[in-house]
Amino acid sequence: DGTRMTSRCVNPKRKQARLRPVSLAIASLAVLIVAADDASARGGGRDRPVEAIESRSAGEPVMAIVSLHSQRITVYDAKGWIMRAPVSSGQKGRETPAGIFSVIQKVEEHYSNLYDDAFMPHMQRITWSGIALHGGVLPGHPASHGCIRLPFDFAERLYGATMMGIRVI
């Protein structure tokens with residue numbers, strides 16, 4: 001009949017162009033927060049706590065930042081950090097990937113299908129290739145197969161506080 005339908009979908013190239021500044025802003029924020037955390041951890045000769053929870057009433061977590069260099073995770077809400085703990089990331093040859101991820105699956109009692117049925121309590125998957133946050137042993141250095149191991153009780157608290165889609169940087 002001579003009418004022509006046009007797509008109302010956004011051109012994928014234009015969509016990527018719009019998302020690029022948002023990704024850069026998130027990454028920049030993460031770098032600034034990690035730098036500030038590292039500076040405060042070194043300041044005044046004070047030992048940083050092994051695990052800490054902010055004393056104020058916390059809102060919903062909006063992002064978790066893992067410092068692979070400092071082997072530490074800090075969880076933030078809109079007002080600042082609410083939880084922090086040491087981690088053990090991937091060992092040499094099996095390094096934890098850097099980037100901006102989201103929690104894409106949560107399983108309270110998970111067993112690895114890659115590594116001898118290893119118990120991974122309070123697992124929060126961030127990649128479909130097997131990288132996740134979960135409770136585990138922390139020897140004080142990178143020692144996992146790429147996952148981010150958390151203290152067992154911290155992993156449980158984090159699991160209960162987060163929802164699918166939380167950003168992990």
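Partners of Leu138 under the side-chain contact (heavy atoms from CB on, under 4.5 Å) rule, at least two apart in sequence or in another chain, are Pro86, Ser88, Arg149, Pro151. For Gln91, there are no side chain to side chain donor-acceptor pair (under 3.5 Å) partners, not counting sequence neighbours. Looking at residues two or more places apart in sequence or on another chain, you find a side-chain contact (heavy atoms from CB on, under 4.5 Å) between Glu109 and Phe119.
Hydrophobic cluster of Met120: the remaining members, joined at side-chain heavy-atom separations below 4.5 Å, are Val107, Met123, listed by chain and number. Grouping Ile, Leu, Val, Met, Phe, Trp and Tyr by side-chain contacts under 4.5 Å, direct or through others, puts Ile104 with Trp128.
In this structure, Phe154 is not a member of the same hydrophobic cluster as Val62, with clusters built from ILVMFWY side-chain heavy atoms closer than 4.5 Å. Leu133 and Ile82 fall within the same hydrophobic cluster, where Ile, Leu, Val, Met, Phe, Trp and Tyr residues are linked whenever their side-chain heavy atoms come under 4.5 Å apart, directly or through other members. Tracing side-chain contacts under 4.5 Å through hydrophobic residues (I, L, V, M, F, W, Y), one reaches Val168 starting from Met83; they form part of the same cluster. Phe152 and Val66 end up in different hydrophobic clusters when Ile, Leu, Val, Met, Phe, Trp and Tyr side chains are linked at under 4.5 Å.
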Please list, one pair per line, the donor and acceptor atoms closer than 3.5 Å that link side chains of residues 96-103 to other protein atoms, with sequence neighbours excluded.
from   : atom 1 : to     : atom 2 : distance (Å)
Thr96  : OG1    : Gly90  : N      : 2.8
Thr96  : OG1    : Gly146 : O      : 2.8
Ser102 : OG     : Arg167 : NH1    : 2.4

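Residues Ile166 and Thr162 approach most closely at CD1-CG2, 3.7 Å, considering heavy atoms. Between Cys147 and Ala132, the shortest heavy-atom distance links the atoms CB-O, 3.3 Å.
The line from NE2 of His134 to NZ of Lys106 is 15.5 Å long, rounded to the nearest 0.5 Å. Atom CD1 of Ile65 sits about 5.0 Å away from atom CD1 of Ile169, to the nearest 0.5 Å. Rounding to the nearest 0.5 Å gives a distance of 9.5 Å between CD1 of Ile148 and CD of Gln71.
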- Task: Test side chain to side chain contact (heavy atoms under 4.5 Å, CB included) on Gln105 and His110 and set out the steps.
- Result: CA-CA 11 Å; Gln105 181 186 32; His110 181 73; 5.6 Å; no

- side chain to side chain contact (heavy atoms under 4.5 Å, CB included) between Leu158 and His122, worked out: CA-CA 8 Å; Leu158 183 64; His122 303 99; over 6 Å; no

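For the pair Glu156 and Pro121, the minimum side-chain heavy-atom distance is 4.5 Å or more.
Side-chain contact check for Glu95 and Ser89: no donor-acceptor pair (N or O, by modelled atom type) lies under 3.5 Å.
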